Amino acid sequence: MDKDINIKVKVWRQNGPKDKGHFETYPLENISQGSSFLEMLDILNEQLINEGKEPVVFDHDCREGICGMCSLYINGHPHGPDQGITTCQLHMRRFNDGDTITVEPWRSAGFPIIKDLMVDRTAFDKIMQAGGYVSVNTGGVPDANAIPIPRHDAEMAMDAAACIGCGACVAACKNGSAMLFVSAKVSQLALLPQGRVERKQRAKAMVAKMDELGFGNCTNTGACEVECPKNISITNIARLNREFLKAKFAD
Amino acid sequence: MSWLIKSSIGRKFVQSISGLFLILFLLFHMSMNLVLIFSYDSYNFIANEVLGANWWAVAATGVLALGFVFHILYGVFLTLQNRKARGKDRYASASKTKTTWSSQNMFVLGLFILLFLGLHLYQMWYQMQFKELLGIEGFRHDSAQLTAEVFSSLWVVIVYELAFLSLWFHLTHGFWSALHTVGWNNTVWMKRIKVIGNVFSTIVCLGFAIVPIAVYLGYSNLLG
Amino acid sequence: MNKINSKIPEGPLAEKWTNYKNHQKLVNPANKRRLDIIVVGTGLAGASAAASLGELGFNVLNFCIQDSPRRAHSIAAQGGINAAKNYPNDGDSVYRLFYDTIKGGDYRAREANVYRLAEVSNSIIDQCVAQGVPFAREYGGLLDNRSFGGAQVSRTFYARGQTGQQLLLGAYSALSRAVHRKQVKLYTRYEMVDLVIIDGRARGIIARNLVTGKLERFAAHAVVIATGGYGNTFFLSTNAMTSNGSAAWQCYKRGAYFANPCMAQIHPTCIPVHGEFQSKLTLMSESLRNDGRIWVPKKLEDAQAIREGKLKPTDIREEDRDYYLERRYPAFGNLVPRDVASRAAKERCDAGYGVGNTGLAVYLDFADAIHRLGRDVVEARYGNLFQMYEKIVDDNPYETPMMIYPAIHYTMGGIWVDYELMTSIPGLFAIGEANFSDHGANRLGASALMQGLADGYFVLPYTIQNYLADQINVPRFKTDAPEFDTVEKEINDRIDRLMSIRGKHSVDHIHKELGHVMWDFVGMGRDAEGLRTAIEKLKEVKKDFWTNLRIPGNKETLNVELEKALRLADFIEIGELMAHDALDREESCGGHFRLEHQTPEGEALRHDDQFSYVSCWEYRGEDQDPVMYKEPLNYEFVVRQQRNYKS
């Protein structure tokens, strides 16, 4: 049964990319365990505004776990202690009366902090622009049923395509590696006949961009897979390695 | 082939291939060690005649050394890059993500194994092949005897056993990780490869671990 | 003389679009390079339009309020996308898709537009498959279809429960490619704050860089608005937190007509409100109604006991349960369209039979389905939804019935556009949910995705050329034109005014006030008295906003409260226009239900003789009432009927 709890939130405050940043601890009273984590932050912000202070800045949008906008490193976990969900789906019933909850931004060289808990994830867009697509123009494409695709392949492609681009994989990784994100897109398109035509070019271009943007080298710790809110498998990383190595050896 | 240095997967590929090569070497080394338990003569034969200062043994040593150099240099290289990629600021709350301990500590484990390697090379290889090659005084032909002497002191045995434990941790992650990096994995094989890796690491490390203990306790040279 | 010209091409329904394309003006490749187009928004409509226009060779500037185009709220659509492929061989056709959409919209949409939508629907599926969208497939490798509300055929293509996500990622990948090829320039974390008109034509926008807080100017030969709907006027809705109606509202204030603002769709299966702190409502897919049975207790005292926590739903005996949809609509039962199901839930709750601690919820029960099909089958069909529900509500839907309640979901109304998707301001176009065009008074499930992509991939890239063909000799605009100065000064003054209020209420506080007024008086059941009350109350909300608002921080920096305040100022005015329009439309149709206009059985009663038109509102200034023009809806091809879901 949901109760009201009193908690403290220890939040990272940083005024801008160049500011040094520090933690502030705020007490919050009578938070319903039925509220979501972000609603708890809404209440905190309401409280701060009423005290004439600046509210905590954090990214969020759809609040139903699909847009990938919300982030937050909560008590040692990207997206908090619950598995298979995003921060916006995390509820306060995961916390107890008297808890101090530490809330930090994603930390990685690839995701510089903009303000407080908000980070810049445009690096992911740049990787996508390097090759995360099938080169087709609008119109002039064959009938949708012209190429049958084995159901198993379509399902595996869908598993990979479920990635929401939130960056939890990078945030969880001690190497700041973006391999899970890149491998999900490369896998999706490598598994489908439409994407196979450009598979070599795509794997090389996306990996090159990922490296250029300062993401780390994957050492297969598997932390990304554990924290991924969409349970994307690291076997996609094996596939990316395969795709990339094949492409390089073919050159 | 500059991609083997410039691209992350290329670097990882070098690390994996050198690692897999070293795994093969470990298997060979471990098998050779076990001979000591059964027979000093056979052990000496392998050490002096099969290996020793023969051209093939010297060549193999060179290749092996190269494998180590690549694995170590790339290990350092990758670790430095990864620290940079992690960013300047660290999390204040310690990570609670459930991962294997060894996967998070490959560099530290490797470093410890490297220190051990220095000791080991000085105690064994330097006394045998190295001195023989350069004609330094006092090189040892009696490998079995040398080994028995080295393992007669307790601290050496303890250091060796700790090194084998580190090696076990290093291998349990390294084995499947290397195969994963060269692209040799999928959802079906993931569990199998991990099990094979664990079994393999255990066999190799047990094989290594038995010898110093057996020598120290006097259970070697069973066949006389 | 009527000011409204919808520019519908002559000829038989099925040939209008082909005729149009055959005779429209085109822009040659050399000239395309010299023409700039601003596209605001990166949802299904915006991303697909920006990518397609970029590929054609135009110079596209694409704006996105979030940190990446992939975050647009199209991503949250679950169910699927309709197309008239007739792959299952069950008798579907372009005409049937057209007819179902017109009928579902309660005969308040334009025939020619809807027919065109049905016509291009098939190309959308082809396009998405070519992009690598992993639609569900049969074991033979061909595409699978499922059925959806309001149709007798299976024509919905889907990718698990994430169709919107996959389609948006498809469009996003096309957009990413166009950015890579320098055909599109992307501006993320930018919000349009006003439209710039030069010599009567849309020539640019002022956008606020959300990171620096600075206003920036962008000029172009045409401006495309693809900024979605205004459902967040109600504060609580299924829309995303940044979804807003401001871009559309700025266009309205600069002279674009706003069409059918009162037509908002209320989705029947959302997770009920659980507290004052609630920030948004979560939709549970409509597909749940295929197997779930909706009920409330028959006895008032049972409902009372449940609300007080003294009884559990499983304590209520079968004969004491009122399966009200099955009772009222024997033919369609739990599968009546969204508007009907929503109103029926409200009716029961208003009568005191509601459950949950607030009394604003009804049960959606799977006990029968589990009994009939087995838990495994139910889990295979709805497992992920049940899990999501359990995470939010902390109840296990396998054991105790789900609670649901209707919530605002989609706005059929929007910026008025003609057949070419051009607004009443030359050079200003509106696509996707931002325009009003295709759904009439009620949108069918799986049609929003279809319309967004139809507009962006296959309609706008043609029709915009008909306008731009005359613009090839117009040189690139400079952003130092006096018109830009004026508009930027106006928006700056507005921001200064907001910052200087320094009152005591947060933006959210006032937004919640607005939401309550809208839900109570401009919600599911409306009447003249309530709407007049709403108009009065909205004036108070507006006054409260402009006197009691508090925005911390500075304007020229990242300031989330300021962003929200700018949007809320517009939401309040949108609310007013919705109330005006709802008061004016004295009939019930689709999502607009006037209590005075219902059949003896309590169903929506249209008045085709008086209200068969699109209400097009024109802004006349701050303190003036807007003026309404009518675009008559002449049904030439379809015979209008009363919608009947009883028998």
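Given the structure is predicted, the values throughout are model-derived calculations rather than measurements. Numbers restart at 1 for each chain; the letters A, B, ... are given by sequence-line order, proteins then strands.
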Side chains of [X] and [Y], donor plus acceptor under 3.5 Å:
X	Y	value
B:S152	B:E149	no
A:Q14	A:W12	yes
B:Q15	B:T181	no
A:Y73	A:H79	no

>> Looking at B:W3, I'd like to know if the NZ or CZ of B:R11 sits under 6.0 Å from its six-membered ring centre while staying within 45 degrees of the ring's axis.
In response: no

Would you say the rings of [Y] and [X] are close, in the sense that their centroids are separated by under 6.0 Å?
X	Y	answer
B:Y74	B:F13	no
A:F215	A:F111	yes
B:H29	B:F25	yes

Looking at [options], which one has more heavy-atom pairs under 4.5 Å with chain B than the rest?
options	result
A:G222, A:S233, A:A109, A:G176	A:A109
A:E225, A:R107, A:R242	A:R107
A:G214, A:A171, A:A172	A:A171
A:M210, A:K246, A:E227	A:E227
A:L240, A:N220, A:N236, A:T235	A:N220
A:S108, A:P81, A:A238	A:A238

Interface moiety of [X] toward chain A, non-hydrogen atoms closer than 4.5 Å:
X	result
B:N185	both
B:W189	neither
B:R83	neither
B:K88	neither
B:Y91	both
B:A92	both

> Is the B:H120 ring parallel, tilted or perpendicular to the B:Y160 ring (thresholds 30°, 60°)?
Replying inline: perpendicular

Using a 4.5 angstrom heavy-atom cutoff, name the option from [options] with the most pairs to chain A.
options	answer
B:S7, B:S16, B:A85, B:A94	B:A85
B:T187, B:L78, B:T97, B:T99	B:T97
B:G87, B:G10, B:S103	B:S103

Part of [X] lying under 4.5 Å from any heavy atom of chain B:
X	result
A:A208	neither
A:I237	both
A:N217	both
A:P112	neither
A:I74	neither

> So, A:E24 and A:R13, do they make that salt bridge, N to O below 4.0 Å?
Replying inline: no

> Using 4.0 Å as the upper bound for N to carboxylate O, is an ion pair formed by A:K204 and A:D251?
Replying inline: yes

>> Between B:L109 and B:S102, is there a side-chain heavy-atom distance shorter than 4.5 Å?
In response: yes

